[in-house]
Amino acid sequence: MNEPANEIPKQYDPATAQEKWATFWDENQLFHSQPNPNKKPFCVVIPPPNVTGALHLGHALNNTLQDITVRMKRMQGFETLWIPGVDHAGIATQAVVERRLLEEEKLTRHDIGRNALVQRIWNWKEQYQTRIINQLKGMGCSCDWTRTRFTLDETCAKAVRYFFFNLFKQKLIYRGKRLVNWDTLLQTAVSDDEVFHETITGHFWYIKYPVIEPKPDEPKYVVVATTRPETMLGDTAVAVHPDPKTALNKVISDLKKRLAAAPEKEKYDLQKELDETENRLHNSNNSNNSNNSLLEHLQIEHLQILARMATEGRCVMLPLANKPIPLITDVWAKPEKGTGCVKITPAHDPNDYEVGKRQKLPIINILNKNGTLNENAGKYSGLTIKKARETIVADLEEQGLLVSVEERIIELAHSDRSKTPIEPFLNDQWFVKMDQLAQNAIDTVKNGEVKIIPERYKKGYIDWLSEKRDWPIGRQLWWGHRIPIWYCDGATEKEIEKAFAGRNDISWQWDSENNVWWICSQTEDLPENAVPNYKIVQDDDVLDTWFSSALWAHSTLGWPEQTPELNYYYPTGVLITNRDILTLWVARMVLAGKFNTGKKPFHEVFIHPKILDKYGEGMSKSKGNGVDPISVIAKFGADALRFALAYLTTENQDIRLTLDFECPYCGTIVEQTKKNRTQPKIICPKCGVSFRTQWAETESDKMLAEGPMIGERFEVARNFCNKLWNAARFVLLSLQEPQLNESGKHQNHTEVHTENHFLEDRWILSRLATVTKNVTESLETYRYADAMRFLYDFAWDEFCSFYVEMVKSRLADETQKTQAQAMLIFVLNTLLRLLHPVVPFVTEEIWQRLRLSCVGFTGGSFTGNDFISNDFTGNDFVKFAKSIAIAPWPVADESAINSEMENQFKVFQELLRAIRDVRASRNVPPKTEIAFSVRCDTPTATLLKPMEPYFLSMAKAKATGWGEAVKAPVLSSTVPLTGMDVYVDLSDLIDIAAEKAKLEKEIAKLDGFIKSKESKLNGDFVNKAPVTVVEKERQSLAELQEQRQSALDALTKLKNLKTVQ
RNA sequence: GGGCGAUUAGCUCAGUUGGUUAGAGCGUUUGGUUUACACCCAAAAGGUCGGCGGUUCGAGCCCGUCAUCGCCCACCA
């Protein structure tokens, strides 16, 4: 930190700065927060990452955005707390540990038992929590690490118990037999949200069910179609629509309507569908010769007969099981689908379950939890589903009951966790009644109490909650919060009352279906003998992970205790998260927050874009396309990572990142492909040496050098950080030079500059104030990309390319030096603070150096703002704060904003660019000084004349004349600009042909503009457009005509010149 | 089937309430080691704003429609 400024390296070294300042922040507890009545609170809770695995760039984005907001708020003077933590992620984490157990030790969880498995998951959790926290720290996240929480820790566990108990006591928790999505591999129920559908080629089997004692005019068989023949063993009815003809006609008319309105490309399919459906309605005489009984069964008359038979209470024989099951009528049987008859398997299909309930059918479960068939499957019991299916199909065929088999594309439900097919399975399950809870959460958003940004996500949130589907909260897992229910069999209510007399932390209910008591305990686990003479048993299951994460905003602050933290920080400020979990998590947080605390959990929700890979796919652990932010940091630095991500966070667009590997030995870029992205090591195609990736696990792979992930967006961001670094390096070097004290040394310069040397100062201060305003507004409304653009453009194009360049000559002038230095300090200091939330390390590194350089510096005075006050001295700056992280956020000095002056500066920039363009296009050697003159009005001349030294230093061009009387030198290049013509004297460097060509092109271009403007001004435009707009157009036209004239004059002159020569 | 988003330069993306000649980075071309920076500097070329229609004096922006792509939800015996 104390190295002399002239030893500042030319390149910013992120690794050193990161290490140094992370430690510094930590040691000084800058991010530790506690309730402070003198300040306003601002709190953010992290969306706790799953301990399943390490973070990827999606998390990096999420946490970068949070950190930007949090750091800004902290600088703005809020008592700011960002609570970190991780989520136990029940299913996912248990699954990953179980999978490894199986792979590495060939053991299942049943082999090692509940306690041993849970212990192993804890070990896993410790390992990954550490890794995750280190990743967050590596990114520079300014969390209060002393308050790190885990959804399964004691504080959270207590909150979960209280939440459950209160719901239970209010009878909002119930248990019922419900059809759940059963994962036969993990042997657990998974929620609808944890199911994905995969398109596979399956089969559609048409099976005959013999009619019992058919009358002569009746069919001998009912044909049903199924994709899952094995479930027939659980059939308890065959259904047909009560009025198939009417229903079919309705379908046909709907189809016709759709066909009429359908876009062209869908018409063919719809027409086909319509034809097929209509065929069912009419006797298809053309096919009556074939003996295909299937076609016959599709006819509507057939269905009508069956419907009649059903009302008569007739039965069919269930093949293989050989038992009669009723033929029933139910609207669920769609006459247009399948054969129009549908087998009803209430225990293994959600729709059939509903039918079964309606029709009071028996419910026969044929599955064991491990996915084999149970004793209800008769001779098929013990077989796996797959094997059973094969056997049953073979048996049916042998008995002549299989009509036909079709190939069919089906969407098969799979478990997101195990990737195995889901079986609908009847199971006992705990539910939370959602009715009122959901309504509260809807109202909270509808009435604007919680604001969702961007607003379009509101709809999804409200729609989802509006379904008010009860929330299944049990999971057949070992990793999680155990359900705090104990079953007591046989006791009387009196005995229970006696056992828990005087306890208000115990609540019980009678389960009339199973004839058992449910005893819920708010805090302590109940011993077996809690009810004398009876043995009570705790429920085996654990709670859904979302049940605990729903409490995150208040459980992390100590609820149910009324802690000072809860009273001070709650409701939290903003929740920044991903759209995927808007319903699963955000909605449930709102309802749980409202239920438990009576208050909303946060004021705002910001939904940020998703990180996609080069194929447009979201990053995920399972796909292997998740890139570890640490590997980006290793190559580009944390600041570059953060800046790049924030720069890409726009409102509508997901963030697509093309990343590739870089060979650590020869620097060759190895494209990341779907194949190599999951490999632990990759062989460089050029040098042939292997390097490791983030997936390296074996010791030998880990020994290899790592091939970093590179991407254009990160390079841009790294370059920006380096640009900032070098601008600061320039400032620091200029401060370090001995103060000039020999008077008279630069008197000439002083004279030249005196009149107007403040133009660029006033300009940069005006721009700085505007940028301060824009950045603050953007960040406060979560428009991160806008803020980054403002900062990037200002820092690079205005501060570096213009201000710093211009100030160079003043630094060489003793009489102006102090003022210039003070300006540099002021602008850089403000810029650093504006940038700090997004690039914390490089700004801290520079800021600390700047502070030291300012010791003893006494600057000139000028109108400043909040930080510097009217009488800025470097000493104040040094005293101010020990870290930029707690320095005050800049407040825009609105009085410094002067748009007229900014426009004047633009004239200077335009002129400078025109001269540089002439130089470049005429290949004027860089060292050759050229002369130029400008024909313009007097105010412009007055404005620009004092800038002469800058034309010299920035374009190596010497001004020879300004004003209306200026005439073009003979051999010159003329550039017509708005309101002025610049003549660059080229003498022997001139290429007359090229000049003429250029002017002709220019004239043609101007002619085009002029023509379009003239026609515009001759039309209705003049009458209908606002006066100001018309006036603007007129002025613009006049300017264009003026420019054209100038170009024409210059061209004529050149032509004459040629004839003379 | 329902909902949401996108389509702008070779690539990746900005583009505020409709208003002069549509911007940036990368890439390309030209010229540069100008004392902060080659992770740099100066400059150039490059676009019928997916198609069609409409509203308007005026449309990248508003409306309709078609096409293509992506995401979410629901359903599919």
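Per chain, numbering begins at 1; letters A, B, ... match sequence-line order.
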> Determine which nucleotide pairs with B/C52, using a 3.5 Å limit on both distances of a Watson-Crick or G-U wobble pair.
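Paired with B/G64.
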
> Would you classify A/P1026 as touching base, sugar-phosphate or nothing, given that sugar-phosphate means primed atoms plus P, OP1 and OP2, and contacts are heavy atoms under 4.0 Å?
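Base contact - A/P1026 has a heavy atom under 4.0 Å of at least one base atom.
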
> Base, sugar-phosphate alone, or nothing: which one does A/L657 contact when heavy atoms must sit under 4.0 Å apart?
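Counting heavy atoms under 4.0 Å across all strands, no contact is made by A/L657.
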
> Using the C1' atom on both, measure B/G15 against B/C61 and round to a whole Å.
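Nearest-Å result for B/G15 against B/C61 at atom C1': 9 Å.
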
> Starting from P on B/G3, measure out to CD on A/E467 and report it in whole angstrom.
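Rounded to whole Å, this separation is 14 Å.
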
> Side-chain N or O of A/R916 versus OP1/OP2 of B/A43: is the shortest distance under 4.0 Å?
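Yes, such a contact exists.
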
> Would you say CG of A/L952 has more than 12 non-hydrogen atoms from neighbouring residues, nucleotides or ligands within 6.0 angstrom?
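More than 12 heavy atoms, drawn from other residues, nucleotides or ligands, come within 6.0 Å of this atom.
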
> Does atom NZ (A/K468) have a neighbourhood of more than 12 heavy atoms from anything else shown, all under 6.0 Å?
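For A/K468, atom NZ is crowded (more than 12 foreign heavy atoms under 6.0 Å).
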
> Between protein and nucleotides 23-39 of chain B, map the contacts as a letter string: B base, S sugar-phosphate only, - none, heavy atoms under 4.0 Å, written 5' to 3'.
--BS---------BB-B

> Is the distance between the ring centroids of A/F204 and A/Y206 less than 6.0 Å?
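Aromatic pair counts; centres sit under 6.0 Å.
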
> Between B/G15 atom P and A/F790 atom CZ, what is the distance in whole Å?
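Rounded to the whole Å, the gap is 11 Å.
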
> Given the P atoms of B/C75 and B/G18, what is the spacing between them in whole Å?
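Each nucleotide's P atom is 41 Å from the other's.
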
> Rounded to whole angstrom, note down the P distance from B/G47 over to B/A24.
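Per the computed distance, 15 Å lies between those P atoms.
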
> Touch check for A/T227, heavy atoms < 4.0 angstrom, all strands: base, sugar-phosphate only, or nothing?
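A/T227: backbone/sugar contact only, no base atoms under 4.0 Å.
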
> In terms of side-chain heavy atoms, does A/T781 have a donor or acceptor partner in A/R783 at a distance below 3.5 Å?
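Present: a donor and an acceptor within the cut-off.
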
> May I ask which nucleotide in the shown strands pairs with B/C76, Watson-Crick or G-U wobble, both distances under 3.5 Å?
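Pairing partner, where one exists within any strand: none, as none qualifies.
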
> Who is the Watson-Crick or G-U wobble partner of B/C13, with both distances under 3.5 Å?
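WC or wobble partner is B/G23.
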
> Is A/T650 touching bases, backbone alone, or none of the nucleic acid, heavy atoms closer than 4.0 Å?
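Sugar-phosphate, backbone atoms only, no base.
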
> Rounding to an integer number of Å, can you tell me how far A/D463 CG sits from B/G1 P?
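After rounding, the gap between these two atoms is 19 Å.
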
> Under 4.0 Å, counting only non-hydrogen atoms across every strand here, what does A/K334 touch: a base, just sugar-phosphate, or nothing?
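The residue A/K334 makes base contact.
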
> Less than 3.5 Å apart, any donor N or O on the side chain of A/T231 or A/K343 sitting next to an acceptor on the other?
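Their side chains do contain a donor-acceptor pair, which is all the 3.5 Å distance test asks for.
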
> Which whole-number value in Å describes the distance from A/R1044 CZ to B/U21 P?
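Answer to the nearest Å: 18 Å.
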
> Under a 3.5 Å cut-off for both contacts, is B/U34 paired Watson-Crick or G-U wobble with anything, and if yes, with which nucleotide?
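Paired with B/U34, as far as the under-3.5 Å criterion goes, is no nucleotide at all.
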
> Give the rounded distance in Å between these two atoms: CG of A/D654 and P of B/C4.
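Whole-Å distance recorded here is 17 Å.
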
> Name the residue closer to the 5' end of RNA chain B, choosing between A/I655 and A/S1036 according to the nucleotide with the nearest heavy atom.
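Nearest nucleotide further toward 5': that of A/I655.
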
> Does a side-chain N-to-carboxylate-O contact under 4.0 Å join A/K334 and A/E336?
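Not counted as a salt bridge, because no side-chain N and carboxylate O are separated by less than 4.0 Å.
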
> If you assign A/E336 and A/E1039 each to the RNA chain B nucleotide with the nearest heavy atom, which residue ends up on the more 5' nucleotide?
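With A/E336 and A/E1039 compared, the 5'-side residue is A/E1039.
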
> Taking OP1 and OP2 of B/U12, is either one under 4.0 Å from a side-chain nitrogen or oxygen of A/T658?
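So the side chain of A/T658 is outside the cut-off, no N or O lying under 4.0 Å from OP1 or OP2 of B/U12.
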
> Quiz question: by atom type and distance under 3.5 Å, do the side chains of A/D235 and A/Y209 form a donor-acceptor pair?
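Yes.
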
> What does B/G70 pair with, Watson-Crick or G-U, if both distances are under 3.5 Å?
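B/C4 is the nucleotide pairing with B/G70.
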
> Parallel, tilted or perpendicular: which describes the rings of A/Y647 and A/Y792, with under 30° parallel and over 60° perpendicular?
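Judged by the thresholds at 30° and 60°, the geometry between A/Y647 and A/Y792 is tilted.
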
> Across all strands, who's sitting opposite B/G58 as a Watson-Crick or G-U wobble pair, both distances under 3.5 Å?
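Pairing partner: none.
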
> Taking atom P in both B/G64 and B/G23, compute the distance separating them and give it to the nearest angstrom.
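The same atom, P, in both gives a distance of 29 Å.
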
> Could you check how far NZ of A/K1016 sits from P of B/A59, rounded to whole Å?
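Taking NZ of A/K1016 and P of B/A59, I get 9 Å after rounding.
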
> Mind checking A/A333 for me? I need base, sugar-phosphate or nothing, with any heavy atom below 4.0 Å counting as a touch.
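If one applies the 4.0 Å heavy-atom cut-off, A/A333 turns out to touch a base.
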
> Which nucleotide wins on minimum distance to the side chain of A/R456, given the candidates B/C57, B/C4, B/A44?
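When the side chain of A/R456 is considered, B/C4 is the closest of B/C57, B/C4, B/A44.
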
> What is the distance, to the nearest angstrom, from the NZ atom on A/K459 to the P atom on B/G5?
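Those two atoms, NZ and P, are 10 Å apart.
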
> Mind checking the C1' distance from B/A59 to B/G51? Whole angstroms is fine.
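After rounding to an integer number of Å, I get 16 Å for this pair.
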
> Hey, what's the ring geometry for A/F799 with A/F794, parallel, tilted or perpendicular (30° and 60° as the breaks)?
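The arrangement is parallel - the two ring planes meet at less than 30°.
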
> P atom, B/C69 versus B/U55: distance in rounded Å?
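Taking atom P in both B/C69 and B/U55, they lie 31 Å apart.
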
> Can you tell me the base-pairing partner of B/A44? Count Watson-Crick or G-U wobble geometry only, both distances below 3.5 Å, and say none if there is no partner.
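Pairing partner: B/U28.
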
> For a quick check of understanding: with a heavy-atom distance under 4.0 Å over all strands, which category does A/C721 fall into, base, sugar-phosphate or nothing?
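The answer is nothing, as A/C721 stays clear of every strand by at least 4.0 Å.
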
> Would you say the side-chain atoms of A/Q359 and A/D330 include a donor-acceptor pair closer than 3.5 Å?
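Side chains of A/Q359 and A/D330: pair found under 3.5 Å.
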
> For atom C1', what is the distance between B/U28 and B/G46, given to the nearest Å?
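So the two C1' atoms sit 9 Å from each other.
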
> Tell me the interatomic distance from A/I611, atom CD1, to B/C71, atom P, rounded to whole angstroms.
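Taking CD1 of A/I611 and P of B/C71, I get 16 Å after rounding.
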
> Can you tell me, in whole Å, how much space there is between the C1' of B/A14 and that of B/C76?
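Approximately 42 Å lies between the C1' atom of B/A14 and that of B/C76.
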
